[in-house]
2 protein chains.
Amino acid sequence: MTEIKETSTNFANKQALADECPEAYASNIIGGQWTLVICSWLLEGKLRFSELKKNLPNITERMLTLQLRKLEENKIISRTVYAEVPPRVEYELTAIGYELKPIIKALENWGEKHKALLEET
Amino acid sequence: MTEIKETSTNFANKQALADECPEAYASNIIGGQWTLVICSWLLEGKLRFSELKKNLPNITERMLTLQLRKLEENKIISRTVYAEVPPRVEYELTAIGYELKPIIKALENWGEKHKALLEET
DNA sequence: TAATGTACTATATAAAATGTAAGTATGACT
DNA sequence: AGTCATACTTACATTTTATATAGTACATTA
């Protein structure tokens, strides 16, 4: 995250892939390590930064911030700041973000199934 | 790819997440840069290494090999070697791999929609 | 004899993602 | 004056992923 080099081959490849393959495009957006889990929690309703943090036990504040920023940039979630002290910020899925719901559910089912399959020796 | 350090925090986090959240588990498996595109091509039927390479213009042979290996390890694809010269190797989706089809299609639709949304304005 | 095609492997390096640790602003409260 | 809570930010280190380049085996073909 942090910095990406727009002259790298990697960047160019990602662009080209995303242009041609909407599934690769989607994967770039929701493929982060915590992305789907965050969305999955937000499917239940809006949450504050600290609540998200509690639900994702091992995430660092930095990572949470970065992922939320990226999701916000991609309009998957919206961010509302309340001018209070101490500050309060709420995150909520947007319409397009909420449309990930069936995909997330499908991935969950597939994941369970796949895990079972690998475990049966 | 290549080497992963089983003592790193990152590794531990991934494990923990995958244990609790099947969607994160699934994302780990299909979240590689080329993974979904490869699967998407294989949805149409078995393909040889060189055919895959042709369809993924900028991929290096090394990357293709690594991704295929990972997919094979995860039993998403199967690999058949024909004892010929020059060698011939065919890749094909397994049953569980084929079950990704609706997910891939859903991701494609979502991706298109999302792209359109970001472009308007 | 030399070149060809296929599906790789080996090594090096670059880039991206993630993690660690510390610090910031604010107003209320002690 | 000092502590607290929240939601960050910053600088830096490490780990993971991706690319670049070259090389391998071997029967067939030229």
- Message: It should be established whether B/Arg69 places a side-chain nitrogen or oxygen under 4.0 Å from OP1 or OP2 of nucleotide C/dT9.
- Response: yes
- Query: On DNA chain C, nearest-nucleotide positions of B/Arg88 versus A/Pro86: which is more 5'?
  - Reply: B/Arg88
- Side chain of B/Ser78, backbone of B/Thr94: donor and acceptor closer than 3.5 Å? no
- Message: Within 45 degrees of the ring normal and closer than 6.0 Å to the centroid, is that where the cationic atom of B/Arg88 sits relative to B/Tyr82?
- Response: yes
- Query: Can B/Glu61 and B/Lys53 be counted as an ion pair, charged N to O under 4.0 angstrom?
  - Reply: yes
- Message: What's A/Thr60 touching, base or sugar-phosphate or nothing? Going by heavy atoms closer than 4.0 Å.
- Response: base
- Task: With the side chain of A/Phe49 defined as its heavy atoms from C-beta on, choose the nearest nucleotide among D/dA7, C/dA16, D/dA18.
- Result: D/dA7
- Below 4.0 angstrom from OP1 or OP2 of D/dT17, is there any side-chain N or O of B/Lys14? yes
- Message: Any side-chain N or O of B/Gln67 below 4.0 angstrom from OP1/OP2 of D/dT17?
- Response: no
- Hey, which sits more toward the 5' end of DNA chain D by its nearest nucleotide, B/Glu6 or A/Val81? A/Val81
- Item | ILVMFWY network linking B/Leu117 to A/Ile30, side-chain heavy atoms under 4.5 angstrom | yes
- Item | Between C/dA21 (P) and A/Met63 (CE): distance, integer Å | 15 Å
- Query: Would you say A/Asn10 reaches C/dA14's phosphate, i.e. side-chain N/O to OP1/OP2 under 4.0 Å?
  - Reply: no
- Side-chain N,O (B/Arg48) to OP1/OP2 (C/dC8) below 4.0 Å: no
- Message: Below the 4.0 Å mark, does C/dA16 have OP1 or OP2 next to a side-chain nitrogen or oxygen of B/Gln33?
- Response: no
- Under-3.5 Å donor-acceptor pair between A/Arg62 side chain and D/dT10 base: no
- Query: Does a salt bridge link A/Glu3 with A/Lys5, judged by any charged N lying under 4.0 Å from a carboxylate O?
  - Reply: no
- Query: Within the structure shown, what part of the strands sits under 4.0 Å from B/Tyr91 by heavy-atom distance: base, sugar-phosphate, or nothing?
  - Reply: sugar-phosphate
- Task: Could you pick out which residue, B/Ser8 or B/Val85, lies toward the 5' side of DNA chain D when each is mapped onto its nearest nucleotide?
- Result: B/Ser8
- Item | Separation of D/dT17 P from B/Leu71 CG (nearest whole Å) | 14 Å
- Closest nucleotide among C/dA15, C/dT9, D/dA20 to the A/Thr9 side chain: D/dA20
